[in-house]
**Student:** 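One structure, pasted below without further comment.
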Amino acid sequence: FDISLGKGEYKLTFVKDSQYLPATYEVIVEKDSELSLPDIRLEKSFDLASLGYHTAELHQHSTYSDGKNEPSDMYLYNHVSAVGFAALSDHNSVSGNGEFVASGEVLGSTVTIGGVEISSSDKGHINALGTTTAYNSVFGSADDVKAVVAQAKADGAYVQINHPARGGGKGFAYIDRLPEFGFDGYELWNGRNAPSPLSGTNLAAKQIWFDYLDKGFYIPATAGADNHGFAEQNIDMPRTYVYTS
C-alpha cells in the first residue's frame, strides 16, 4: 500500500493480526523523494490454524455496491491481513463475486466465498454467504423475510442477520421474534457500527443476544468488520473465529 508523507520524523508501525508481533520503524523524511524501507517480515508468535482456529471476514463491500475498492483489492486486503477465509457481501449484488473468488483461486492463501447482503429499506440487512443469487430485498412482512431466508438456506447459503440493533431501518425489524426466522448466525459485533462490542448498538445487540440465551434460545454470534474500504479499516476491527477439529 502506497502512502505519502510530508517532511518530518515518523514512527511507522506495521501490524497483521493477533498472531503476529508488530514491527515499528523510525523514519525521517527530509525532502520530496521516495522512501526506502527494509523488507518487512512480521514474526509470527503463534499459529491459530495449528490449534484448529481459522479467522474469517464475513461482512465487506466492494465498488459493486457502496464500497470504495474493487473486489480483487478487497481480497488482497484480506490476504495481507492473514484472514483464513473471507466473503464478499455487497448490497443486493453478486456482480463482484466472480472477481473476488477468482482472486482467491490465484493466490490461494485466503479461501474466498461469494455472498450478498440482502438489504431492505426498513426491515433489516441479511447476509447470505455461499451463494451466487441476489435475492429479493423488498420485504412487506415477516413472512417475506422468512421466505427469503428459507430460499437462501435451500440454496446452501449460511444466513445471518447483520447489525440487528442498528437504527434507521438497518436493524432487524422483527428482533423480538428472532427464533421464528431460522438464521444461522447473529452479527453481535459490527465494526463499522462501533469499534467495541460494549458500546453503541453493538452493546444493545449483545444484550438482546443474552436475553435470548436466558430464554433458552441460542444462535451463533459472529463479528464482521463491515469493511467499505481500506481507509476506514484498522487492526482493531472484529473478526469471526471458527474452530474445526
Side-chain angles (χ1 to χ4, degrees), residues 56-61 65-67 87-94 113 115-131 133-228 232 236-243:
E57 177 52 73
L58 304 179
H59 190 172
Q60 57 186 344
H61 304 277
S65 60
D66 57 347
L88 188 66
S89 55
D90 278 317
H91 295 284
N92 300 325
S93 173
V94 294
I113 302 169
V116 62
E117 185 173 13
I118 309 163
S119 306
S120 73
S121 61
D122 62 349
K123 300 296 190 295
H125 291 194
I126 299 167
N127 255 13
L129 306 179
T131 184
T133 301
Y135 301 96
N136 182 19
S137 62
V138 180
F139 305 141
S141 66
D143 287 340
D144 291 341
V145 179
K146 291 177 184 178
V148 167
V149 172
Q151 181 185 356
K153 292 185 72 167
D155 292 339
Y158 174 90
V159 185
Q160 76 169 27
I161 187 69
N162 288 344
H163 37 71
R166 183 182 288 183
K170 295 183 179 180
F172 189 42
Y174 307 106
I175 193 67
D176 57 335
R177 298 166 56 184
L178 184 65
E180 298 178 21
F181 294 85
F183 291 116
D184 299 306
Y186 177 96
E187 191 181 57
L188 187 146
W189 184 358
N190 177 279
R192 198 167 192 240
N193 195 33
S196 167
L198 299 176
S199 63
T201 58
N202 281 329
L203 180 58
K206 178 172 175 281
Q207 186 58 58
I208 292 169
W209 189 72
F210 276 117
D211 288 344
Y212 273 115
L213 285 180
D214 288 342
K215 297 173 184 176
F217 174 70
Y218 169 74
I219 182 171
T222 67
D226 201 353
N227 186 353
H228 282 68
E232 66 183 45
D236 296 323
M237 283 294 177
R239 291 181 184 168
T240 298
Y241 288 82
V242 178
Y243 177 73

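Quick caveat, the model's predicted, so the values are computed rather than measured.
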**Student:** Tell me whether Asn92 contacts the main-chain N or O of Ser119 through its side chain, where contact means a donor paired with an acceptor under 3.5 Å.
**Tutor:** yes
**Student:** What residues form a side-chain hydrogen bond (donor to acceptor under 3.5 Å, both in side chains) with Glu57, not counting sequence neighbours?
**Tutor:**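 Glu57: no side-chain hydrogen bond (donor to acceptor under 3.5 Å, both in side chains) contacts found.
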**Student:** Considering non-hydrogen atoms only, spot the tightest contact between Val94 and Gly115 and give its length.
**Tutor:** CG1-O, 3.8 Å
**Student:** Could you give the distance from CZ (Phe172) to CZ (Phe183), rounded to the nearest 0.5 Å?
**Tutor:**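 One finds 4.0 Å between CZ of Phe172 and CZ of Phe183.
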**Student:** Check each of Asp184, Val116, Leu58, Leu88 against Leu129 using the side-chain contact (heavy atoms from CB on, under 4.5 Å) test, and report the only one that passes.
**Tutor:**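 Looking at Asp184, Val116, Leu58, Leu88, the match for Leu129 under the side-chain contact (heavy atoms from CB on, under 4.5 Å) is Leu58.
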**Student:** Can you list the residues that meet the side chain to side chain contact (heavy atoms under 4.5 Å, CB included) rule with Ser65, with sequence neighbours excluded?
**Tutor:**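 So Ser65 forms a side chain to side chain contact (heavy atoms under 4.5 Å, CB included) with His61, Asp90, His91.
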**Student:** Please identify each residue that fulfils side-chain hydrogen bond (donor to acceptor under 3.5 Å, both in side chains) with Gln60, with sequence neighbours left out.
**Tutor:** Asn78
**Student:** Roughly how far, to the nearest 0.5 Å, is CG of Leu188 from CD1 of Ile161?
**Tutor:** 13.0 Å
**Student:** Listed by chain and number, what are the side chain to side chain contact (heavy atoms under 4.5 Å, CB included) partners of Lys123, not counting sequence neighbours?
**Tutor:**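 Once residues adjacent in sequence are excluded, the partners of Lys123 under the side chain to side chain contact (heavy atoms under 4.5 Å, CB included) criterion are Ser120, Phe139, Ala173, Tyr174.
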**Student:** Go through the structure and list residues passing side-chain hydrogen bond (donor to acceptor under 3.5 Å, both in side chains) with Asn227, not counting sequence neighbours.
**Tutor:**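 Here the qualifying residues are Gln233.
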**Student:** How far does CG of Leu178 sit from CH2 of Trp209, to the nearest 0.5 angstrom?
**Tutor:**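 Spacing of CG (Leu178) from CH2 (Trp209) equals 12.0 Å.
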**Student:** Please tabulate, for side-chain N and O atoms in residues 141-150, each donor-acceptor pair with protein atoms closer than 3.5 Å (sequence neighbours left out).
**Tutor:**
from	atom 1	to	atom 2	distance (Å)
Ser141	OG	Asp143	N	3.4
Ser141	OG	Asp144	N	3.4
Asp144	OD2	Gly140	N	2.6
Asp144	OD2	Ser141	N	3.2
Lys146	NZ	Glu180	OE1	2.9

**Student:** For Pro164 and Ile175, work out which heavy atoms get closest and say how close.
**Tutor:**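 So the two residues come closest at CB-CD1, 3.9 Å.
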**Student:** Can you list everything that forms a ring pair (Phe, Tyr, Trp, His ring centres under 6.0 Å) with Tyr218? Sequence neighbours excluded, please.
**Tutor:** none
**Student:** Could you grab the distance from atom CD1 of Ile208 to atom CG of Leu213, nearest 0.5 Å is fine?
**Tutor:** 12.5 Å
**Student:** Over all heavy atoms of both residues, which pair between Pro238 and Gly224 is shortest? Give the atoms and the distance, please.
**Tutor:**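 Heavy atoms only, the tightest pair is CG-O, 3.6 Å.
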**Student:** The criterion is side-chain hydrogen bond (donor to acceptor under 3.5 Å, both in side chains); which residues satisfy it with Thr131, sequence neighbours excluded?
**Tutor:** Tyr135
**Student:** If you take all heavy atoms of Asn162 and Ile126, which pair is closest and at what distance?
**Tutor:**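 In this case the closest contact between Asn162 and Ile126 is ND2-C, 4.4 Å.
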**Student:** Please, which pairs that meet salt bridge (charged side-chain N to carboxylate O under 4.0 Å, His left out) have at least one residue in residues 213-222, sequence neighbours excluded?
**Tutor:** none
**Student:** Not counting sequence neighbours, which residues clear side chain to side chain contact (heavy atoms under 4.5 Å, CB included) with Asn136? List them please.
**Tutor:**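 Here the qualifying residues are Val138.
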**Student:** How long is the span from the CG atom in Asp226 to the CD atom in Glu117, to the nearest 0.5 Å?
**Tutor:**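 Reported to 0.5 Å precision, the distance equals 6.5 Å.
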**Student:** Are side-chain heavy atoms of Arg166 and His125 found at a separation under 4.5 Å?
**Tutor:**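 Counting from C-beta outward, Arg166 and His125 never come under 4.5 Å.
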**Student:** Tell me every residue that passes ring pair (Phe, Tyr, Trp, His ring centres under 6.0 Å) with Tyr158, counting only those two or more places apart in sequence or in another chain.
**Tutor:** none
**Student:** Can you list the steps and then say if Asp155 with Gln151 is a side chain to side chain donor-acceptor pair (under 3.5 Å)?
**Tutor:** CA-CA 6 Å; Asp155 292 339; Gln151 181 185 356; 4.7 Å; no
**Student:** Only counting residues at least two apart or in another chain, list the ones meeting side chain to side chain contact (heavy atoms under 4.5 Å, CB included) with Tyr241.
**Tutor:**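 Counting only residues at least two positions away or on another chain, Tyr241 forms a side chain to side chain contact (heavy atoms under 4.5 Å, CB included) with Ser18, Leu48, Thr55, Arg239.
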**Student:** Is the backbone of His163 close enough, under 3.5 Å, to the side chain of Glu187 for a donor and an acceptor to pair up by distance?
**Tutor:** yes
**Student:** Please report the interatomic distance OG1(Thr133) to CD1(Ile118), rounded to the nearest 0.5 Å.
**Tutor:**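 Reported value, rounded in 0.5 Å steps: 9.5 Å.
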